[in-house]
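Throughout, a chain's letter reflects where its sequence line sits, starting with A, and its residues are numbered from 1.
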There are 2 protein chains.
Amino acid sequence: MSNQPNTRTRRRRGSAQPTLKEVAEAAGVSSITASRALNTPERVSEAARARVLQAVERLGYVPNLVAGSLASASSRFIAVIVPSLANAVFIEVIHGLQETFEAQGYQILLGNTDYDPQREYQLIRTFFGWSCSALVTAGLRHSGPCRTLLEGWEQPIMEVMELGQALDLNVGLDHRDAGRCMARHLLERGHRAIVYVGAGMADDYRAGLRYDGHREVLEGQGLAAPCLDIGRPGGLDAGARGLELALEHHPGIAAIHFANDDLATGALLHAQRRGLQVPGQIAIAGFNGLPLGQHVTPRLTTIQSPRHTIGRLAAEEVLRRLAGKAVRRRQHDVGFTLLEGEST
Amino acid sequence: MSNQPNTRTRRRRGSAQPTLKEVAEAAGVSSITASRALNTPERVSEAARARVLQAVERLGYVPNLVAGSLASASSRFIAVIVPSLANAVFIEVIHGLQETFEAQGYQILLGNTDYDPQREYQLIRTFFGWSCSALVTAGLRHSGPCRTLLEGWEQPIMEVMELGQALDLNVGLDHRDAGRCMARHLLERGHRAIVYVGAGMADDYRAGLRYDGHREVLEGQGLAAPCLDIGRPGGLDAGARGLELALEHHPGIAAIHFANDDLATGALLHAQRRGLQVPGQIAIAGFNGLPLGQHVTPRLTTIQSPRHTIGRLAAEEVLRRLAGKAVRRRQHDVGFTLLEGEST
DNA sequence: TAGAACTATGTTAGCGCTAACATGACAGCG
DNA sequence: CGCTGTCATGTTAGCGCTAACATAGTTCTA
């Protein structure tokens, strides 16, 4: 199947958009000078720079970032993978990341696994195909193929939300410890019959870690630490259901430690509607410190997680690494704060 | 400055990642066949396809999407611009977009203007540089330079949230009409002294459109339609403040029509805490139909906006256009539903 | 049964940009 | 004054992939 060289001219494909070459011609410089005028202006004389910028303006030139990325083998994309957009927690982390990265000219590529580990692998493959400068992912647990891909990758990897054995960089908090903290608080307030209620803790395994801490404290006091998982991550509705189920399965219960504020607030509002006294008849605690919980009556007892800070710090750490500077810490504990409300 | 051709070989730049060419060699085909095996498998014999896929697997090949985009002048990126991530409304729209686009192999590029029109221009420039396949943006109002850029663009532009004079495609609802609807409802419930309370309506101008509708109805009945803007878009806190200010500035007020559910719920929870009867002493209405409002007691009267549907429909319409199929409608009214709660 | 139509595959030439190297001009220096 | 260093700019050669066109073999059609 040997072909003869084609001597006729082919039809061109390009669009009507002006290219850097045209800008350079208009400015009377070579294209590399035009490139430098835009990307590293300090390496070009003031005169040349001015003429290039003027030509850019006049022609309405918009740099083709795809071509630039191919040529430089780097894209100024930051891949961000979260398990859910429905959860305000991740939104705030994303916001913190976005602010910090965009200020440095990086663009976030957002991926949402919807708590499906398979999706993570797919997303990472796609993102690698975009020559991302770094990857930020929520959590430390990854599927086998995922780990293989990640370990073969040369760019910074930042795992956020929880602290632990990370692949590379790590910013988060100790969820087990947060669980312990709230369990201790509930004991201090005199509650003994305490149920931990989560939703989809197989997926939201950080809720499981908090339960582990919770149980450790209760069992340390010789108390039972029953756990109720009402299936699939959910919101206020799920909280209401959680309250009902907990009361049904555990009569004589004094307090419920919910896996998060959505559940806890849902339960609290439901208790109100049912006429149950909180914390008189049942104490309720949450986790996250969402604004919502601080506006209900009684105010929700919960643990404040510094979500925006996680995003900002993670971004700063990644940027420092990308700039080639030494990383202050590979691991960063952002801590948490117990918010003592009126619900416990 | 004439240079002699360089005859020495230069140092190569490429990374260690296998390329399509290597996959093709391993499979014993040309690179274009390997390309086709991956992108248009139906145009390749089964035998060749199998060998290519096997080579991909063996070498751990990850397609370089940057190179592919440059060569094909299209990136399968969808630019999405929203004014805020703090607002659950936009998150749900994004989710609807994401689900639908990702199923077709498109990747969303998310931009957040934080209600700054300048940022929109910057974001659009960047996104155009990525050869996006389409742009989805919240709202119909754009700065002058922005319009110029958009009008010169050849790809589909989808404006979502509100209905009106759009640049290209449009999916949303009539906010003025929603304002009218709620105003009528409040009149039906016998309220006469009604204040409209918003936060940052210069930025969140759709809240302003709803107020226009509200005023139209009230003034049509010979009633005053005072409006109170408490500055900067805000959440539950702002709602509490809005309630206080409204009571202060408008003694004798019977009802407050809030610009959104966050404000309304914040006010409602604050009223509870203050011991104000809702709707006995003060009626409260919102807009959006967020779950939160449906879980408080009394249940919030609000207008349900089909946010997820907006996202899904917008994506479907764009995909139809990208597939070259005729567009069913350039404009799509998703409507809204009055949720009569107990707060009015 | 000639030739049109279709199928599978290949060759070539870029896409628009930047890394690497090259060159000439000039300043500083012993 | 030649040498070295720095600066501004230029030439060249790709980055890895796919569109466009080319070519054989096969099947269908008149």
Next item on the list: Give the minimum heavy-atom separation between B:L150 and B:I157, together with the two atoms involved.
Entry: O-CD1, 3.5 Å
Checklist line | N/O (side chain, A:T33) to phosphate O (OP1/OP2, D:dT9) under 4.0 Å | finding: no
Margin query: Under 4.0 Å from OP1 or OP2 of D:dT9: is there any side-chain N or O of A:S45 that close?
Written below: yes
Note to self: Could you tell me how far apart A:R43 (CZ) and D:dG10 (P) are, to the nearest whole angstrom?
What the structure shows: 14 Å
Notebook entry, point to check: How about A:F101 and A:F77: are their ring centroids closer than 6.0 Å?
Noted result: no
Note to self: Under the rule for side-chain hydrogen bond (donor to acceptor under 3.5 Å, both in side chains), what residues qualify as partners of A:S75, not counting sequence neighbours?
What the structure shows: none
Check: For the helix from C:dT1-D:dA30 to C:dG30-D:dC1, what is the angle between the axes at its two ends, each from 5 pairs, rounded to 10°?
Finding: 30°
Check: Within the structure, does a side-chain N or O atom of A:S30 lie under 4.0 Å from either OP1 or OP2 of D:dT9?
Finding: no
Item checked: Length of the line joining B:I32:CD1 and D:dT18:P, which is rounded to integer Å -> 7 Å
Margin query: Can you measure B:L38 atom CG to D:dA19 atom P for me and round it to whole angstrom units?
Written below: 13 Å
Margin query: As a test of reading the structure: which of C:dG16, C:dG14, D:dT9 is closest to the side chain of A:N64, going by heavy atoms?
Written below: C:dG16
Next item on the list: Under the side chain to side chain contact (heavy atoms under 4.5 Å, CB included) rule, what do A:N170 and A:L140 come out as? Steps first, then yes or no, please.
Entry: CA-CA 9 Å; A:N170 187 200; A:L140 297 168; 4.1 Å; yes
Check: Is the distance between the ring centroids of A:W153 and A:F127 under 6.0 Å?
Finding: no
Notebook entry, point to check: For D:dT18, does either OP1 or OP2 sit under 4.0 Å from a side-chain N or O belonging to B:N39?
Noted result: yes
Notebook entry, point to check: DNA chain C: B:E46 or B:A73, which has the more 5' nearest nucleotide?
Noted result: B:E46
Next item on the list: Return the value, rounded to whole Å, for the distance between atom OH of B:Y61 and atom P of D:dG16.
Entry: 10 Å
Next item on the list: To the nearest Å, give me how far apart CG (B:L70) and C1' (D:dC17) are.
Entry: 8 Å
Check: How many angstroms lie between atom CZ of A:R58 and atom CG of A:L53, to the nearest 0.5 angstrom?
Finding: 12.5 Å
Check: Of the nucleotides D:dT18, D:dC17, C:dC17, which one has an atom closest to the side chain of B:A67?
Finding: D:dC17
Check: Quick one: B:R36 CZ to C:dG10 P, roughly how many Å, whole number?
Finding: 8 Å
Next item on the list: Could you check how far NZ of A:K21 sits from P of D:dG10, rounded to whole Å?
Entry: 14 Å
Checklist line | Distance in angstrom units between A:E22 CD and C:dG16 P, rounded | finding: 9 Å
Check: Using a cut-off of 4.0 Å on non-hydrogen atoms, how would the nucleic acid contact of A:V66 be classed: base, sugar-phosphate, or nothing?
Finding: nothing
Next item on the list: Return no unless some side-chain N or O of A:S72 is found under 4.0 Å from OP1 or OP2 of C:dT18.
Entry: no
Margin query: I'd like to know if A:E317 and A:R330 make a salt bridge, using a cut-off of under 4.0 Å between side-chain N and carboxylate O.
Written below: no
